[in-house]
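Below is one structure, written out as structure tokens; the observations come after it.
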Amino acid sequence: MFLQPKLLVFKEGRMRIKKLYTAITLALVLFMSACGKSDADLQKAANEKLAADKISGITVAVKDNVATLSGDTKDITVKSKAEASVKSIDGIKSITNNINVVTPAATPPPPDPMLQGKVDEALKKAGCTGAKATINNGVVTLTGSVAETKYAPCIQAVNEVGAGKVDNQLQKGK
Amino acid sequence: MSLQEKYQSILELANQNGTTYTLSEGEGVLHIDGSAPSEEAKQQLWDEYNRIDPDYRSGDLMLNVSVGAAAGGGSNTYTVQAGDNLTKIGAKYGITWNAIYEANRDIISDPDMIHPGQELKIPG
């Protein structure tokens with residue numbers, strides 16, 4: 001009988017420790033979810049995401065949950081794709097997109113003595129009666145008038161011949 | 001605004017509809033050279049081009065997209081029209097009438113006699 005009070009104290013002590021543990025765990029969980037992953041973790045995740053999305057040549061650095069994208073690309077869609085990719089990662093607050101779009105220089109088409117013939121033939125094949133092409137230094141100047149339904153096919157035909165530039169003055173007739 | 005920015009939506013569309021392409025830029029003209037999986041896919045790109053640049057007047061984009069594995073080289077034939085003669089056709093391609101005649105011996109028997117509708121091979 002006289003042992004009971006001691007046991008009671010012991011039990012109470014155990015309960016208190018248990019409560020303390022619960023409180024600490026809870027605090028820890030709250031703390032972790034508030035902070036999220038570390039910058040290093042996010043950076044790793046971001047680079048892995050880019051690799052998974054087959055975006056190469058772009059690097060990501062993460063600081064204070066802000067991702068900075070850098071690198072060169074030939075294609076502007078890679079720039080926006082990379083941004084969307086990294087933005088989708090949980091914990092990235094914002095993005096600084098420093099990706100540089102560098103379009104490769106077009107090699108000026110060599111003077112093509114056949115260009116007039118090619119353009120004329122392309123127009124003829126597309127049924128562009130009424131359209132006239134004159135060529136000067138690789139620039140195709142399109143004049144005349146074609147039926148409205150033929151307008152787009154005529155422009156397409158000239159685009160596909162391989163000229164350097166089209167000066168489009170073609171009119172839509174009836 | 002760069003030309004790629006101006007025509008970005010065409011490129012986005014190409015990515016979506018499976019058109020592969022390469023980009024280059026020179027003398028203020030963006031060149032998109034590519035290959036589309038279907039006529040519809042190609043048409044989508046042209047529709048988008050027309051939306052950005054109504055009636056294609058700007059002259060700052062060359063959209064050269066073929067469908068599938070295009071035959072290519074098809075440009076080197078010439079269809080004879082009324083009023084043509086070999087000298088005149090040769091002038092269009094920067095070659096002599098004789099070169100065309102030699103390349104088309106099988107269909108031209110007399111170099112002074114060609115007929116509208118004949119498809120002549122143009123030697124490269």
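Reminder, nothing fancy here: chain letters follow the sequence lines and each chain counts from 1.
Remark: A:Glu160 CD to B:Asp33 CG distance equals 10.0 Å, nearest 0.5 Å. With rounding to the nearest 0.5 Å, the separation of CD in B:Gln81 from CG in A:Asp120 is 8.0 Å. Atom OG1 of B:Thr77 and atom NZ of A:Lys125 lie 3.5 Å apart (nearest 0.5 Å). To the nearest 0.5 Å, the span separating CD on B:Glu12 from CD1 on A:Ile76 amounts to 8.5 Å.
Using a 4.5 Å cut-off on side-chain heavy atoms (C-beta onward), B:Tyr56 and A:Leu142 make no contact.
Around CD of B:Glu119, the count of heavy atoms belonging to other residues, nucleotides or ligands within 6.0 Å exceeds 12. Within a 6.0 Å sphere centred on NZ of A:Lys63, other residues, nucleotides and ligands contribute 12 heavy atoms or fewer.
The residue among B:Leu61, B:Val65, B:Leu23 with the most heavy atom pairs within less than 4.5 Å of chain A is B:Leu23. Across B:Val29, B:Ile95, B:Thr22, B:Asn50, the residue that shares the most heavy-atom pairs under 4.5 angstrom with chain A is B:Val29. Ranking A:Ala122, A:Ala152, A:Ala106 against chain B, the residue ahead of the rest is A:Ala106, based on heavy-atom pairs under 4.5 Å.
Of residues 79-102 of chain A, those residues with a non-hydrogen atom less than 4.5 Å from any non-hydrogen atom of chain B are, in numerical order, A:Ser80, A:Val101. The contact list for residues 84-91 of chain B toward chain A, using heavy atoms and a distance under 4.5 Å, is empty.
Under the 4.5 Å side-chain heavy-atom criterion for grouping Ile, Leu, Val, Met, Phe, Trp and Tyr, A:Val139 is not connected to A:Val161 through any hydrophobic cluster. By the criterion of side-chain heavy atoms lying less than 4.5 angstrom apart, applied directly or through intervening Ile, Leu, Val, Met, Phe, Trp or Tyr residues, A:Ile135 is grouped together with A:Val166 in one hydrophobic cluster. A:Val66 and A:Leu50 are not part of a single hydrophobic cluster, where members link through side-chain heavy atoms under 4.5 Å apart. B:Met62 and B:Leu45 fall within the same hydrophobic cluster, defined by Ile, Leu, Val, Met, Phe, Trp and Tyr side-chain heavy atoms under 4.5 Å apart, directly or through other members.
In plain terms, the two heavy atoms of B:Thr79 and A:Glu121 that are nearest each other are OG1-OE2, 2.8 Å. Minimum heavy-atom separation, B:Pro123 to A:Met114: O-CE, 2.9 Å.
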Evaluation steps, side chain to side chain contact (heavy atoms under 4.5 Å, CB included), between B:Leu3 and A:Thr103 = CA-CA 9 Å; B:Leu3 286 173; A:Thr103 319; over 6 Å; no
message = Run A:Lys74 and B:Glu25 through side chain to side chain contact (heavy atoms under 4.5 Å, CB included) and show every step you take.
response = CA-CA 10 Å; A:Lys74 292 176 190 165; B:Glu25 193 175 328; over 6 Å; no
message = Set out, in order, the CA-CA distance, both residues' side-chain angles and the distance that settles side chain to side chain contact (heavy atoms under 4.5 Å, CB included) for B:Tyr49 and A:Gln156, then state yes or no.
response = CA-CA 11 Å; B:Tyr49 181 11; A:Gln156 285 190 22; over 6 Å; no
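Judged by distance alone, the side chains of B:Gln8 and A:Thr77 never bring a donor and an acceptor atom under 3.5 Å apart.
Contacts between A:Asp75 and chain B at a heavy-atom distance below 4.5 Å involve backbone atoms as well as side-chain atoms. Residue B:Tyr21 touches chain A through its side chain alone, counting heavy-atom pairs closer than 4.5 Å. Both the backbone and the side chain of B:Asp55 come within less than 4.5 Å of a heavy atom in chain A.
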